[in-house]
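Numbers here simply count residues along the sequence, with the first being 1.
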Amino acid sequence: MRIIETNPWSVTVTSFLFLGALGACALGSVLTASVILDVVLPGAWPTPSETLFLGAVIVTLEVVLGTGLACLCSLMYNYTAQFSGGVEVALTDDLGDPTPVAQVLQFMTRLHVRAWQRLYTRLPVDFSRTKRRGLQLPPGQPEGRAQCDGPGATAADTGST
């Protein structure tokens, strides 16, 4: 499939809607943080109304400038696609051997799991909480606290009295 041309109006409307939603989320989080800071330390930070005003100005600039930039990029792509032929995207259903990068990622994941399993057996950590998060205990690891016989171990850590 070759993408030869984009519709600048569609790009403009889509970017406006996307940036508007992103700006609304940013305003909500900034207002929430401002209210929390005003409750925790009254008078140390700007009031929530000042923060909301400043945030609204910044979000408005972001939406206007971002929408204009997206429209400009769409027009520039249309102009350069006339000379380069556009972007070609190949879609396939070939599920052959994984790429070398995917093989390395699988290998790194296995190493990560092994490292955490070895770490669990050596640290004085309460493993009863790990089952709630869906983690597996290493083979042979007892429930409760791990044994620690290191130089900083206390009688409670080693299980001795």
- Are W9 and F18 joined in one hydrophobic group, where the rule is that I, L, V, M, F, W and Y side chains link up if heavy atoms are under 4.5 Å apart?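 Both belong to a single hydrophobic cluster.
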- hydrophobic_cluster_shared for M108 and V101, side chain cutoff 4.5 Å: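 As far as the 4.5 Å side-chain criterion goes, M108 and V101 are not connected within one cluster.
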Does some side-chain heavy atom of [Y] sit less than 4.5 Å from a side-chain heavy atom of [X]?
X	Y	answer
T6	N78	yes
T47	E50	yes
S34	L52	no
W45	V40	no

Roughly how far, to the nearest 0.5 Å, is the [atom2] atom of [Y] from the [atom1] atom of [X]?
X	Y	atom1	atom2	value
F16	L19	CZ	CG	9.0 Å
I4	Y77	CD1	OH	8.0 Å
L17	L22	CG	CG	12.5 Å
Q117	H112	CD	NE2	10.5 Å

Side-chain donor-acceptor contacts of residues 56-73 below 3.5 Å, not counting sequence neighbours, with atom names and distances?
unit_1 : atom_1 : unit_2 : atom_2 : d
T60    : OG1    : A56    : O      : 2.7
T67    : OG1    : V63    : O      : 2.7

- Message: Can you give me the closest heavy-atom contact between P48 and L31, atom names plus distance?
- Response: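 For P48 versus L31, the nearest heavy atoms are O-CD1, 3.9 Å.
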- Do any N or O atoms from the side chain of R2 and from the backbone of V87 form a donor-acceptor pair under 3.5 angstrom?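 No, R2 side chain to V87 backbone: no donor-acceptor pair under 3.5 Å.
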- Exam field: side chain S29 to backbone A26, donor-acceptor pair closer than 3.5 Å: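 Such a contact is found between S29 side chain and A26 backbone.
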